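As the structure lists them, so they are numbered: ligands from 1, and atoms in each ligand from 1. It should be emphasised that the depicted structure is a prediction, and the values quoted were computed from it without experimental measurement.
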Amino acid sequence: MLITRRLEFDAGHRIPNHASQCRHLHGHRYALEITLSGEIIRTEGAAEQGMVMDFSDVKTIANTVLVDHWDHAFLVYQGDRAVVEFLASLPEHKTVVLPLVPTVENLAAEAFRILDAAYRDTYGNQLRLQRVRLYETPNNWADAVRQGSGPPSGMEPSC
Ligand SMILES: Nc1nc2c(c(=O)[nH]1)N=C([C@H](O)[C@H](O)COP(=O)(O)OP(=O)(O)OP(=O)(O)O)CN2
Ligand SMILES: [Zn+2]
């Protein structure tokens, strides 16, 4: 069984070498769709009976490990020195420095890496993260999908 939880957050970014508009500082209302696989929990009397995972738990975990960190942050490539230094000059600015440029492909891969470690099989129902779909705009998105037994290739651990 697959279940999907959608969350939304706001963040700024730029693609420093983009040939057009996206090299400028700008922001998006990102939408994150988290798809988990697992067996339906059959434990009689359990609060999660009939579920793969309680959607509220899916949300709480995603917020704790990812969304609370990226929401209203500026997501910046570590090689984008001018912007990294500018943001560092702003007192207590919420900045996430990333090892790759913050395209939606790279952000989806990084989100998968972070979330994959966070969703644990607490009911022996083989819970696993299968896909992270990240919308940068309503028209543009990327899918990071589990390949075989491992996560998709993407960013190296950054923090
Ligand atoms: N493969 C990718 N291409 C682009 C990315 C990306 O992450 N991966 N990102 C951008 C920009 O960040 C930009 O914000 C997207 O802008 P745009 O293409 O204009 O998106 P819209 O949905 O607003 O475009 P419409 O044509 O108005 O639908 C660019 N490319
Ligand atoms: Zn953009």
Should the proximity of [X] to ligand 1, defined as any heavy atom under 4.0 Å, be assigned to the side chain, the backbone, both, or neither?
X	value
N139	side chain
T137	side chain
Q21	neither

Is it the case that the side chains of Q49 and T43 hold a donor-acceptor pair, with the cut-off being a distance below 3.5 Å and no angle test? no
Check: T95/H93 side-chain N/O donor and acceptor closer than 3.5 Å: yes
May I ask you to decide if the ring planes of H13 and H26 are parallel, tilted or perpendicular, using 30° and 60° as cut-offs? perpendicular
Between L7 and A62, the two heavy atoms sitting closest are CD1-CB, 4.1 Å
Counting only nitrogen or oxygen atoms and a 3.5 angstrom limit, does P102 reach ligand 1?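 P102 vs ligand 1: no N/O contact under 3.5 Å.
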Among the N, O or S atoms of H28, the one nearest the Zn ion (ligand 2):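 Nearest N/O/S atom: NE2.
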Whether H26 lies under 4.0 Å from ligand 1, heavy atom: yes
Sub-4.0 Å atoms of ligand 1 with respect to non-hydrogen atoms of [X]:
X	answer
H28	12 (O), 14 (O)
H13	12 (O)
I15	5 (C), 9 (N), 10 (C), 12 (O)

Any heavy-atom pair between the side chains of T122 and L127 that's under 4.5 Å? no
